[in-house]
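Here's the structure we're looking at; comments come further down.
Quick note: residue numbers are just sequence positions, from 1. Indexing begins at 1, ligand by ligand and atom by atom, following the structure's order.
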Amino acid sequence: MATKTRAQLYERAHGCCEICGIWGANNAHHRRNRSQGRLDTLSNLMLLCGSGTTGCHGWVTEHPEESITEGWTIPRGDRRVPADVKVSRFDRVLGARRLVLLDDDGGIEEAA
Ligand SMILES: [Zn+2]
């Protein structure tokens, strides 16, 4: 992943996990799996706590169906681009998750 992309991801998340809000997250999660054509775009990335087996990243890995429902995982066969797939994301101001759309410039838009 490009250094710039990783820096933009940290900036968007303020260093906090985009699922649970805990500070110190450092794992870049791909919503659309790498095996389906790796997309290092900000709309396809979430900054998560943990690793492949721990924290929110581990949870996503172990709960594929729930993760699809939340928009954390985009399944094989879903032809939408990640920017068009709503995602449940922790909002620091709200202190809870809300449904948003992510763009490729680090922007976050409330999903209707
Ligand atoms: Zn987390």
Worksheet item: Are Leu102 and Leu48 connected in a single hydrophobic cluster, I mean Ile/Leu/Val/Met/Phe/Trp/Tyr linked by side-chain heavy atoms less than 4.5 Å apart?
Response: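 Yes.
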Quiz prompt | Within 6.0 Å of CD1 in Ile22, more than 12 heavy atoms from elsewhere | solution =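 No, CD1 of Ile22 has 12 or fewer neighbouring heavy atoms, counting only those of other groups under 6.0 Å.
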#### Entry: Approximate separation, where rounding is to 0.5 Å, of Glu110 CD and Leu94 CG
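Separation between the atoms: 8.5 Å.
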Between the side chains of Ser43 and Asp104, does any donor sit under 3.5 Å from an acceptor?
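Side-chain D/A pair, Ser43 to Asp104: present.
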Will you find, in the side chains of Asn44 and His30, an N or O donor that is under 3.5 Å from an N or O acceptor?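 There is no such pair (donor and acceptor under 3.5 Å, judged by atom type) between the side chains of Asn44 and His30.
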### Every N, O or S from the protein that is nearer than 2.8 Å to the Zn ion (ligand 1)
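The answer is Cys17 SG, Cys20 SG, Cys49 SG, Cys56 SG.
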Checklist entry - Listed by chain and number, what are the side-chain contact (heavy atoms from CB on, under 4.5 Å) partners of Asp103, not counting sequence neighbours? => result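 Per chain and number, Asp103 pairs via side-chain contact (heavy atoms from CB on, under 4.5 Å) with Asp105.
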